[in-house]
Structure formats: structure tokens, C-alpha cells
Protein chains: 2
Amino acid sequence: MPRASAAAAAQTAEEILRSAIRLLAERGFAEVSIDEVARDAGVTRGAVYHHYANRLGLFTAVAGALQAAVARSVVSAAESAGDAPEQQLRAGCHAFLDAITSASTARTLLVDAPSVIGWSIWRAQDAQNSAAELRLALAEVGVEAELVDPTTAQLSGAMNDAALWISEQPDRAAAREAAHRVLDRLIDAILPRTPR
Amino acid sequence: MPRASAAAAAQTAEEILRSAIRLLAERGFAEVSIDEVARDAGVTRGAVYHHYANRLGLFTAVAGALQAAVARSVVSAAESAGDAPEQQLRAGCHAFLDAITSASTARTLLVDAPSVIGWSIWRAQDAQNSAAELRLALAEVGVEAELVDPTTAQLSGAMNDAALWISEQPDRAAAREAAHRVLDRLIDAILPRTPR
DNA sequence: CTCCTTTACGTACTATGTGTATGTAACAGA
DNA sequence: TCTGTTACATACACATAGTACGTAAAGGAG
């Protein structure tokens with residue numbers, strides 16, 4: 001096969017990423033070999049190792065791409081939710097749930113990533129994306145300074161497990177409905193003084 | 001080496017399990033080979049494969065043992081918390097947090113297990129242990145029937161991430177304090193009608 | 001007590017998959 | 001057009017999981 005131009009090279013890199021995203025979503029990190037990703041993308045392992053440092057590097061790229069997509073959804077939802085911090089918090093949280101359950105990204109981001117990349121590293125990376133938004137929103141809404149971090153962690157954990165739970169329910173729409181209702185209660189609890 | 005008696009055999013099986021528990025807690029599933037577990041336990045790989053079906057079988061045994069220990073703590077705390085369902089719920093949740101953060105079991109149970117065993121299988125197994133207690137407690141406390149499952153998932157997720165968060169804080173005692181306070185708020189939100 | 005089967009390992013081998021070293025042809029700038 | 005670099009493919013080395021087989025003692029059955 002003759003060598004590709006710079007543009008073509010970028011495209012093969014992206015095709016490899018696409019294949020990896022799909023295969024990882026279907027069967028998880030442990031069950032997907034580099035050789036299989038390469039075959040699926042129509043290249044050899046050499047091409048994969050040229051574009052990505054190693055198996056972990058490829059996975060990191062996959063996770064990063066998925067995470068960025070989710071973060072974009074969250075941010076855009078929060079922005080179009082008005083100026084009130086509470087509304088932004090709610091909108092962002094619900095958008096997160098919807099984004100991570102609509103595509104089949106939950107398994108990769110919520111199950112594989114912490115294990116493969118390592119929980120603390122993954123969390124640190126997340127803290128520069130959607131978790132940062134959450135942290136900020138919680139602070140703005142009036143959560144006490146010393147409780148902002150544990151609240152971020154717990155609310156984030158609640159949403160993550162909600163997403164995984166939704167993903168395995170037969171009636172996705174109903175499950176999403178119920179999960180959103182529960183999530184709203186948790187947010188109520190976190191807001192300093194909520195009536196109702 | 002001469003063949004061991006039945007009692008001795010049970011002991012080597014347990015030593016293998018101990019070694020696996022420690023090594024997995026320290027470095028995670030991906031970084032621990034069967035050979036290393038065998039060496040640490042003072043046997044060969046043959047012994048490991050005799051007592052456990054394969055690598056996944058060994059890990060499953062490890063996870064099951066840790067999970068059972070946590071479940072015992074939760075049940076005993078809930079039982080000695082009096083008769084009021086709400087008190088049992090609170091006691092159980094706080095006991096779960098303490099149990100899973102006191103030993104170094106958080107990583108194995110919360111990060112590796114869902115990935116290695118598979119999230120849905122793991123959840124199903126958990127649903128017969130501590131998650132079952134939680135589900136029951138939530139139902140007794142008056143959570144609406146159709147919200148019991150998503151509430152179980154989200155509260156469980158909140159506690160899991162709280163545990164992982166605590167595990168990486170330098171000041172464990174303070175972190176635990178803060179996490180418990182946040183957790184109490186979430187429980188408040190879940191109880192049908194809470195004043196205060 | 002004496003077979004005799006089963007247990008509890010150890011050893012040696014196979015298979016799979018990761019990572020690396022190397023080869024090569026074409027792109028892209030000087 | 002000449003050359004360095006890029007974009008792969010190929011071939012190889014190495015680790016580790018799993019399997020097949022060997023063996024000696026344990027623990028009943030008679």
C-alpha cells in the first residue's frame with residue numbers, strides 16, 4: 001500500500017479511533033485487541049501503533065473523545081438554561097445523564113475508564129472537563145466550601161450509576177424518567193435551603 | 001513436595017486468596033499476574049489453577065470475599081440501630097462507607113470488579129448482598145415503588161464515589177467526616193417528608 | 001492392612017497478544 | 001531533483017494465560 005498524504009493519514013487515525021470506540025462500547029477494553037481494531041479499521045497493527053503510543057494510549061484517546069462530547073452537551077445545556085445558578089446546575093446534571101446514556105458511551109466512560117486509566121488519574125482528567133462545571137455550579141449555588149468536593153464526588157457518582165442503571169433497563173424512556181426524578185430530589189437536598 | 005491433607009489444602013487455597021487480595025488492592029487486576037500471586041503465596045501456578053478455575057475465577061473469589069465482609073458490617077450496624085427503618089437506613093449507609101474505606105478494598109470492589117466481572121453481572125451479584133439491604137430499607141422507608149430501583153442505584157453510586165474520594169484524600173478522618181455529612185443530606189432528600 | 005481411586009499439587013508446553021525493531025515507498029519541502 | 005521525514009507494513013521478541021500431563025500422597029472401601 002503506497003504511503004498516504006497528511007490528510008489521508010489524519011483520516012486513517014480517525015477511522016482507527018471510530019473502530020475502537022465502537023468495539024470498546026460493544027465488548028469492553030479487556031475483550032478488544034489492537035489487532036481487532038486494526039482489522040476493523042482496514043489497516044494493520046503497524047498503523048495503530050504509528051498513530052497511538054500503545055493500547056492504553058488508544059484507549060485514552062477514545063475516552064477523551066467521548067468525554068469531550070459529553071462535556072459539550074453539558075456546557076451547552078447549562079448555558080441555555082438562563083442565568084440562575086440553580087437552573088444551570090439542574091440543566092447540566094440532566095444533560096449529563098441524557099448525553100451519557102444516549103450514545104453507547106456509558107460502559108467505556110464509566111466502567112472501563114476508571115479501571116484502565118486508573119481512578120485517580122481519570123478523575124483528575126475529568127476534573128478538567130464536566131466535573132469542573134459541576135464543582136463550580138455547586139459552589140455558586142451555595143454549598144459550603146469544605147463540602148464542595150465530597151458533594152461533587154457523590155452527585156457525580158449518583159449520576160454515573162443512574163446512567164449505568166438506565167442503560168440496562170428494557171424500557172429506556174421510563175427508566176430515564178424515573179432516574180431524572182430521583183436526581184432532582186438529590187439536587188434538592190444539596191441546595192442550601194429548598195422548600196417544597 | 002508431598003501432597004497435602006484436606007485441611008492443608010484448604011489453607012493453601014486461603015493463602016492464595018490472601019495474597020491475591022493484597023496484591024489486587026495494591027496494584028489492581030491488570031497489573032497482577034497469576035504467577036505473581038502464586039509466588040507471593042509460596043506455591044506454583046499449578047496450585048492456583050487447581051483451586052481456582054482461572055484468573056477471573058480467582059478475582060471473583062476475591063471480590064466475593066470482600067463483598068461479604070462489607071455486607072456483614074452493614075447488616076450488623078443496621079441491626080443494632082434500633083427498629084425505626086430510617087435509623088436502620090442511615091446506620092447501614094454510614095457503615096457501608098466506613099467498611100469499604102477502612103480496609104483497602106475500595107479499589108478492588110468499586111473500580112476493578114465492575115470492569116473485570118462486568119457491570120451488570122456484578123450488580124446482580126451485589127443485589128443479593130448489601131444492595132438488597134439498601135433496596136429493602138428504601139422501600140420500608142416509604143420510597144415510591146417505581147423509584148426504589150433508581151434510588152438504590154443513585155444512592156449506591158453516591159456512596160461508592162464517596163468512598164473512592166475519601167480513599168485519596170490526605171486527611172482521611174476529615175474527608176470521612178465531610179462525606180458523611182453530605183451523605184446525610186442525600187438521605188434526607190430521599191426520605192418522603194423530612195422537616196429540618 | 002492393602003489396594004485403588006481421587007486429590008493436590010508441580011512441570012512442561014501451547015497459544016495469544018503486546019510491544020518493538022526494521023524495512024520501504026511515497027510525500028513534501030529545499 | 002534530491003533528501004529527510006512520514007505513514008505505514010512486516011517480522012520478531014517477550015510475557016502471560018491456559019492446558020495437558022505427571023506424580024505422590026491422602027483417604028476411604030474391602
Side-chain angles (χ1 to χ4, degrees), chain A residues 1-24 26-63 108 112-113 115-118 121, chain B residues 1-24 26-63 108 112-113 115-118 121:
Chain A
M1 181 186 283
R3 191 204 142 180
S5 70
Q11 189 176 337
T12 72
E14 202 188 310
E15 272 165 29
I16 291 170
L17 197 69
R18 275 192 203 291
S19 291
I21 288 176
R22 224 196 45 249
L23 292 172
L24 285 170
E26 286 170 6
R27 306 211 308 280
F29 182 78
E31 300 297 317
V32 177
S33 71
I34 286 199
D35 193 60
E36 198 174 352
V37 172
R39 271 203 307 275
D40 188 273
V43 295
T44 63
R45 296 175 356 106
V48 178
Y49 277 101
H50 174 72
H51 288 288
Y52 304 93
N54 48 29
R55 205 161 90 103
L56 199 145
L58 175 58
F59 181 86
T60 303
V62 167
T108 302
D112 280 344
S115 166
V116 173
I117 300 181
I121 296 175
Chain B
M1 182 186 282
R3 192 205 144 179
S5 71
Q11 189 176 335
T12 71
E14 203 188 309
E15 271 165 30
I16 291 169
L17 197 69
R18 275 193 204 290
S19 291
I21 289 176
R22 225 194 47 249
L23 292 173
L24 285 170
E26 285 170 7
R27 306 211 309 282
F29 181 78
E31 301 296 317
V32 177
S33 70
I34 287 200
D35 193 60
E36 197 174 353
V37 172
R39 272 203 307 275
D40 188 273
V43 295
T44 63
R45 296 173 358 104
V48 177
Y49 276 101
H50 175 71
H51 288 288
Y52 303 94
N54 49 29
R55 204 161 91 102
L56 200 145
L58 175 58
F59 180 85
T60 303
V62 167
T108 302
D112 280 344
S115 167
V116 172
I117 299 181
I121 296 175

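Just so you know, these numbers come straight off a predicted model, no measurement behind them. So you know, we letter chains A, B, ... as the sequences are listed, proteins then strands, and number each from 1.
Nearest nucleotide to the B/S33 side chain, out of D/dA9, D/dG18, D/dA17: D/dA17. Considering only side-chain atoms of B/A47, the nucleotide from C/dG10, C/dT20, D/dC8 that sits closest is C/dG10. Of the candidates C/dC9, D/dA9, D/dT19, the closest approach to any side-chain atom of A/T44 belongs to D/dA9.
The shortest distance between the side-chain N/O atoms of A/H50 and the OP1/OP2 oxygens of D/dC8 is not below 4.0 Å. The side chain of B/T12 places an N or O atom within less than 4.0 Å of a non-bridging phosphate oxygen (OP1 or OP2) of C/dC9.
One interatomic measurement links the two molecules: CG of B/D35 to P of C/dT11, which rounds to 12 Å at whole-angstrom precision. Here the C1' atom of nucleotide C/dC9 and the CD atom of B/E14 are 18 Å apart, to the nearest Å. Put simply, CD1 on B/I34 is 14 Å from C1' on D/dA15, counting in whole angstrom units. For the pair B/E36 CD and D/dT16 P, the computed distance is 8 Å after rounding to whole Å. As a whole-Å value, the separation of B/Y49 OH from D/dA20 P is 13 Å. In this structure, OH of A/Y52 is placed 14 Å from C1' of D/dA7, rounded to the nearest angstrom. Summarising the geometry, the separation between CG on B/N54 and C1' on C/dT16 is reported as 15 Å, rounded to the nearest angstrom. C/dT18 atom P lies 12 Å from atom CD of A/E31, rounded to whole Å.
Counting non-hydrogen atoms of other residues, nucleotides and ligands closer than 6.0 Å to CZ of A/R18 gives a total of 12 or fewer.
A 4.5 Å side-chain heavy-atom check between B/Y52 and B/T60 finds every atom pair outside the cut-off. Contact of the B/E15 side chain with the B/H51 side chain is not registered, since no non-hydrogen atoms from C-beta on lie closer than 4.5 Å.
At distances below 3.5 Å, not a single donor-acceptor pair connects side-chain atoms of A/R39 with backbone N or O atoms of A/R45.
With the nearest nucleotide of DNA chain C identified for both B/A10 and B/R45, B/A10 has the one nearer the 5' end.
Scanning both residues, B/D40 and B/S19, for their nearest heavy atoms gives OD1-OG, 2.6 Å.
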